[in-house]
2 protein chains.
Amino acid sequence: MSTLDHQRYYNCDDCLFKTISCQYIQKDEFEKLRAKSVQLRYKKGEVILKQGAKSTHFLFLRKGIIKFNYEDENGKNLILSINKAPALIGGANLVNAEFNLFSICAIEDCEGCTIDVSMLTRIALGNTLYLFKMLQFITDVFRSSIFNFISLAHKQVNGRIADILIFLSQNIYANNAFVLSLSRQEFAEFAGCSKENVIHTLRKFHNEGVITVEGKKITLNDPERLQKISKHG
Amino acid sequence: MSTLDHQRYYNCDDCLFKTISCQYIQKDEFEKLRAKSVQLRYKKGEVILKQGAKSTHFLFLRKGIIKFNYEDENGKNLILSINKAPALIGGANLVNAEFNLFSICAIEDCEGCTIDVSMLTRIALGNTLYLFKMLQFITDVFRSSIFNFISLAHKQVNGRIADILIFLSQNIYANNAFVLSLSRQEFAEFAGCSKENVIHTLRKFHNEGVITVEGKKITLNDPERLQKISKHG
DNA sequence: ATTAAAAGGTGAAATAATGCAGTTTTTATT
DNA sequence: AATAAAAACTGCATTATTTCACCTTTTAAT
């Protein structure tokens with residue numbers, strides 16, 4: 001590697017994307033992908049992919065937590081999904097959308113590398129098992145959000161907030177106690193209700209002993225009861 | 001063709017699925033698909049694919065209107081999306097779900113044919129352009145539902161019902177006046193609110209002259225005003 | 001044609017959720 | 001360390017939504 005190479009924060013040999021890719025494609029083909037790839041770091045709050053922009057690359061998210069953010073015609077934000085590394089991001093557009101349908105923003109410091117869509121497509125078209133694997137990666141992200149939608153669509157706020165707490169605990173932080181990466185406003189944009197309603201509801205759950213809220217630190221004391229609230233509400 | 005062939009309601013040569021397929025694959029390959037395919041008719045109300053069942057085939061919907069129905073843990077129904085022919089149905093499971101995540105039911109009389117997933121996959125794996133085309137078909141169905149979700153997630157009932165009326169008028173019936181294929185209960189399951197709320201809101205729009213409701217017949221008199229309600233509410 | 005069952009509809013009380021106006025706490029900046 | 005700005009929080013009035021009890025109309029079954 002010449003010293004003119006882009007800045008490198010980590011060694012590609014440690015990267016899951018390389019590991020997975022090389023189960024399907026040859027090293028020299030992966031090298032073609034890598035040559036076009038740039039390692040990037042994003043601070044909490046930064047926009048990784050912008051809604052409406054042309055989608056020229058994916059991001060393999062190696063580290064961090066991101067949100068899918070949709071901004072509507074009135075400028076109101078909605079969080080469609082939250083995902084943690086590792087994930088292949090930006091692929092909702094692979095098959096049939098030229099422009100990003102929503103933004104992807106870091107809600108914790110992130111690290112990853114860009115992946116050139118046309119190069120990946122070219123390689124994947126020549127290797128359908130690899131194509132399938134990439135599609136799986138991409139649709140995983142999408143599929144995980146469908147249950148959020150179902151919750152949103154026919155539960156009341158108690159149930160929706162219980163669902164989000166369970167989701168964050170299980171899928172994102174993998175722990176009953178966690179430091180929330182979202183502001184109360186963002187939590188509301190995820191739950192589809194007002195920020196005040198989030199605050200009131202978290203306080204209520206806290207007072208009932210189901211959870212403990214200390215600022216951004218949340219502990220699920222009684223996940224079973226949360227499940228019941230989710231089911232009932 | 002022998003007389004032992006399955007009943008045929010229509011000639012495959014007229015079918016869009018054949019037309020599209022044969023742009024990508026050879027006639028003899030299509031013949032392999034066709035040999036495994038069965039033409040089927042469904043009456044309004046019939047279940048085409050059942051939530052939880054193993055997904056062994058797609059359905060190419062040639063005629064009719066269907067709903068995606070999700071039944072939750074309490075037996076409550078939610079309509080995720082509504083689609084009209086032509087559409088390749090059941091593919092949400094192609095990449096990474098062994099069992100149907102939701103049911104697909106006819107809400108008007110339907111006609112179509114089954115398509116064997118493993119055969120289609122085998123052929124598509126040997127022809128990536130065809131694979132891409134099929135994926136486009138499949139994800140179209142999915143993608144169209146995302147805006148319903150966005151509407152559900154952060155609009156109030158006025159806006160959601162306005163959105164559904166616009167969606168049905170533009171995407172399903174392609175007409176400002178239509179005979180609704182849904183009961184009021186189903187409309188509520190699509191809008192994510194109570195049946196009474198649907199009735200009240202339709203009545204209100206009717207009284208304001210925005211729409212005309214005569215039982216199942218609905219006419220959008222003032223689509224621009226509906227757009228405003230959608231945007232505001 | 002009669003009856004039962006399902007769907008459509010109504011108004012009002014009870015509950016849920018929002019939006020406001022303000023205070024307190026936290027975070028970032030100089 | 002002081003200040004400003006942003007986020008968190010509170011209680012309450014207003015608005016939205018559900019639920020209920022009940023009635024009417026339509027549809028399906030005998």
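Values below: every heavy atom of this structure, side chains too, minus hydrogens, waters and symmetry copies. Sequence lines set the chain letters: A, B, ... in the order given, protein chains first and strands last, and positions in each chain run from 1.
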**Prompt:** Do any N or O atoms from the side chain of B:R225 and from the backbone of B:V210 form a donor-acceptor pair under 3.5 angstrom?
**Reply:**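 No; zero donor-acceptor contacts below 3.5 Å.
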**Asked** Which residues within residues 195-220 of chain A lie with some heavy atom under 4.0 Å of an atom in DNA chain C?
**Response**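 Within residues 195-220 of chain A, the residues near DNA chain C are A:E196, A:N197.
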**Asked** Are A:Q156 and D:dT17 close enough that a side-chain N or O sits under 4.0 Å from OP1 or OP2?
**Response**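 It does not, given that no N or O in the side chain of A:Q156 lies less than 4.0 Å from OP1 or OP2 of D:dT17.
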**Donor-acceptor pair between A:T212 and A:N221 side chains, under 3.5 angstrom** =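 Short answer, yes.
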**Request:** State, without any angle test, whether B:T114 and B:D116 hold a side-chain donor-acceptor pair at a distance under 3.5 Å.
**Result:**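 Side chains of B:T114 and B:D116: no pair found under 3.5 Å.
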**Request:** Evaluate the ring planes of A:F167 and A:F190, with Trp represented by its six-membered ring, and classify them as parallel (under 30°), tilted (30 to 60°) or perpendicular (over 60°).
**Result:**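 Aromatic pair A:F167/A:F190 classed perpendicular.
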**Student check: side-chain heavy atoms of A:F68 and A:C105 closer than 4.5 Å** =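 No, too far: nothing below the 4.5 Å cut-off.
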**Message:** Can you measure A:H154 atom NE2 to D:dT18 atom C1' for me and round it to whole angstrom units?
**Reply:**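 Checked: the NE2 to C1' distance equals 16 Å.
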Salt bridge [X]-[Y], side-chain N to carboxylate O under 4.0 Å:
X: A:D109; Y: A:R41; value: no
X: B:K228; Y: A:E73; value: no
X: B:E186; Y: B:K67; value: yes

**Request:** At the 4.0 Å heavy-atom cut-off to chain B, mark where contacts on DNA chain C begin and end, going 5' to 3'.
**Result:**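 Extent of the interface on DNA chain C: C:dG8 to C:dG11.
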**Message:** So B:S194, base contact, sugar-phosphate only, or nothing? Heavy-atom distance under 4.0 Å.
**Reply:**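 B:S194: base contact, heavy atoms under 4.0 Å.
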